[in-house]
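Below: the structure, in structure tokens.
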Amino acid sequence: MKKAVVADATLRVCDPVECTLGFKEKIEIVKHLDRLCVDVIETAPLLNGKSDVLLLHTIAPLAANRTLSCALPLDETLLDDTLKAISKAAKPRINVIAPVSTVQMEYHCHQKPAAVLEKISAIVSKIKAAGVETEVSFADATRAEKEFLNSAVSGAISAGADVITVCDSAGLLFPGEMHDFITGLKNNIPELKNVVLSVECSDELHMASACAVACLRAGAQQIKTAVGIAGKLDLGDLADIINAKGAELGVTTSLNRDACGKIVAQINGIVCGKNIPALEKKLTDSRDNSWKLSSSDNMSVIGEAVKKLGYELSADDLANVYEEFQRIAQKKEVGSKDLDAIVATAAMQVPPTYTLKSFVINSGNIITSMAHVVMLKNGVEVQGFSTGDGPIDAAFIAIENIVGRHFELDDFQITAVTEGREAVGSSIVKLRADGKLYSGKGISTDIIGAGVRAYVDALNKICYEENN
């Protein structure tokens with residue numbers, strides 16, 4: 001009988017989803033997982049500063065007999081704090097989350113494939129140099145280019161990774177396809193025999209359990225589970241399968257079989273009792289987003305609010321938005337328009353591809369509005385002319401003529417920042433490109449100028465994401 005390692009990711013995946021687990025609930029979950037005898041307890045990245053560090057320090061003695069794993073995005077700036085925070089654990093591990101599909105690399109990591117490979121090797125090498133067990137989880141591995149995935153896995157192992165996890169993040173593979181996928185990796189990457197091969201199966205098609213069994217048959221040694229989280233392999237389901245068919249599979253686990261059902265039900269009660277979108281409690285009119293947020297709201301609530309406004313932010317951008325939100329929320333309640341402005345200001349600040357040099361607008365009640373806009377693209381002057389239904393429309397079309405493409409204008413707002421005849425206007429422009437929302441902000445004593453600057457700000461974010 002071979003032993004399958006069970007790594008529970010309930011605490012890791014609770015924060016990114018719409019869940020408001022408090023400090024006390026998280027500690028209770030760790031106690032339950034310890035009694036259940038899972039091998040690895042995974043926690044979320046340190047995105048909430050001192051509160052996350054305090055949680056790790058608090059649960060470390062409670063999980064002295066378990067491996068305590070802290071997730072780390074592909075971001076070296078968080079590495080030192082993560083190493084310091086996890087050092088209190090008896091069996092520390094850092095789980096490096098590395099996107100490897102084209103979609104994940106472009107929209108979550110904003111990195112080219114070569115840069116992703118370099119970051120993986122650099123981060124893993126530093127963790128190993130610190131003497132901490134290292135896992136690399138390849139997000140969306142089943143949709144990655146095979147040659148690139150093989151290179152990424154080999155590079156991680158060469159850098160010193162102890163555990164390699166491949167994730168079927170989209171959840172689109174059938175059990176037989178998962179078996180073939182794992183078998184193919186083992187055949188193409190001989191170095192995998194020197195590390196623990198782990199899988200994270202999605203339950204999008206309600207086949208996570210069957211896929212996990214297929215992976216175990218193919219030689220996977222670690223299985224990722226969670227409790228009460230939609231789309232994840234349920235810990236109770238895996239335990240039931242091993243109890244009923246473990247002998248036939250030739251697989252056993254360390255799970256406390258006698259107490260498994262009761263403990264999983266207790267964890268499920270904690271998670272599902274809190275897994276209610278916290279923002280719903282604040283909605284006064286879901287049609288116009290007329291809700292208010294305060295400084296007591298955590299990052300999960302702000303993440304929900306940002307999603308409700310239509311944005312898809314990376315973990316880094318959400319952290320920046322949350323930091324700016326907290327600064328403003330100390331002075332006033334934050335509404336949907338305020339949050340829009342925060343996203344435009346704090347999320348995805350990029351080096352500009354286009355810089356506004358000048359604009360001339362001719363408009364009146366007896367003439368068609370005309371705009372002449374001059375910008376610098378990477379230092380080279382470019383200009384566009386256009387007419388439009390009003391000065392703002394003409395200016396935006398002139399910019400599109402410069403760029404050579406049309407963007408869907410999702411929203412346009414102008415707000416007075418100061419009072420009086422010389423009032424400063426703040427403008428928010430939301431552009432949609434390839435289905436994704438980009439927000440820009442502009443400030444000027446001229447409302448047209450504020451709108452043009454906001455449009456250019458959003459445009460630069462689109463250009464940066466498409467070219468990196």
Side-chain angles (χ1 to χ4, degrees), residues 4-19 21 29 32-33 36 38-40 42 44 71 97 99-101 103-104 108 137-144 165-185 197-246 248-249 251 253 255 257 260-277 304 307 312:
V5 176
V6 178
D8 187 85
T10 303
L11 290 180
R12 171 169 66 82
V13 297
C14 261
D15 280 354
V17 299
E18 296 167 339
C19 189
L21 286 177
I29 288 174
H32 286 315
L33 291 173
L36 191 53
V38 301
D39 300 287
V40 183
E42 298 193 347
I97 311 295
V100 286
S101 69
V103 172
Q104 292 265 351
H108 291 281
S137 291
F138 293 100
D140 212 14
T142 54
R143 292 197 296 175
T165 296
V166 288
C167 309
D168 182 27
S169 305
L172 299 179
L173 294 192
F174 287 121
E177 293 173 312
M178 280 299 294
H179 182 280
D180 294 343
F181 177 73
I182 297 299
T183 301
L185 284 177
L197 177 57
S198 168
V199 293
E200 185 168 342
C201 301
S202 171
D203 200 35
E204 294 298 326
L205 299 179
H206 309 293
M207 290 191 291
S209 297
C211 287
V213 170
C215 292
L216 288 171
R217 288 187 183 277
Q221 300 149 284
Q222 176 178 281
I223 303 292
K224 297 288 184 80
T225 66
V227 179
I229 306 295
K232 301 296 180 181
L233 171 61
D234 188 77
L235 175 57
D237 290 345
L238 178 66
D240 290 343
I241 291 171
I242 300 300
N243 287 344
K245 297 295 243 179
E248 184 177 326
L249 289 170
V251 173
T253 68
L255 295 176
R257 297 174 62 173
C260 189
K262 179 180 178 180
I263 293 176
V264 168
Q266 289 171 331
I267 298 174
N268 193 68
I270 295 172
V271 174
C272 291
K274 286 288 185 175
N275 196 12
I276 301 171
E304 290 177 43
K307 286 180 182 178
E312 296 179 17

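Values in this document were obtained by computation on a predicted structure and should not be read as measured data.
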Please round to the nearest 0.5 Å and tell me the distance separating atom [atom1] of [X] and atom [atom2] of [Y].
| X | Y | atom1 | atom2 | result |
| --- | --- | --- | --- | --- |
| Leu235 | Cys260 | CG | SG | 5.5 Å |
| Arg12 | Glu200 | CZ | CD | 4.5 Å |
| Glu42 | Leu33 | CD | CG | 11.0 Å |
| Ser202 | Leu172 | OG | CG | 8.0 Å |
| Leu255 | Asp39 | CG | CG | 7.0 Å |

I'd like to check the side chain to side chain contact (heavy atoms under 4.5 Å, CB included) partners of Ser169; sequence neighbours left out, ordered by chain and number. Ala139, Asp140, Cys167
Could you tell me which non-hydrogen atom of [X] sits nearest to which non-hydrogen atom of [Y], and how far apart they are?
| X | Y | answer |
| --- | --- | --- |
| Ile223 | Val199 | CD1-CG2, 3.4 Å |
| Leu238 | Val6 | CD2-CG2, 4.2 Å |
| Arg257 | Asn243 | NE-OD1, 2.8 Å |
| Ala4 | Val251 | CB-CG1, 3.6 Å |
| Val100 | Ala144 | O-CB, 3.4 Å |
| Met178 | Thr142 | SD-CG2, 4.2 Å |

Of all residues at least two apart in sequence or in a different chain, which pass the side-chain hydrogen bond (donor to acceptor under 3.5 Å, both in side chains) check with [X]?
| X | answer |
| --- | --- |
| Asp8 | Thr10, Thr225 |
| Thr253 | none |
| Gln222 | Arg93, Ser198 |
| Ser137 | Asn95, Glu135 |

What pairs with [X] under salt bridge (Lys or Arg N to Asp or Glu O under 4.0 Å), at least two apart in sequence or on another chain?
| X | answer |
| --- | --- |
| Asp203 | none |
| Asp234 | none |
| Lys245 | Glu248 |

Hey, are the side chains of [X] and [Y] touching, using non-hydrogen atoms and a 4.5 Å cut-off?
| X | Y | value |
| --- | --- | --- |
| Lys224 | Lys232 | no |
| Ile270 | His32 | yes |
| Val227 | Ile29 | no |

Distance-only criterion, 3.5 Å: show the donor-acceptor pairs between side-chain atoms of residues 204-221 and protein atoms not counting sequence neighbours.
{"residue": "Gln221", "atom": "OE1", "partner": "Leu197", "partner atom": "N", "Å": "2.9"}

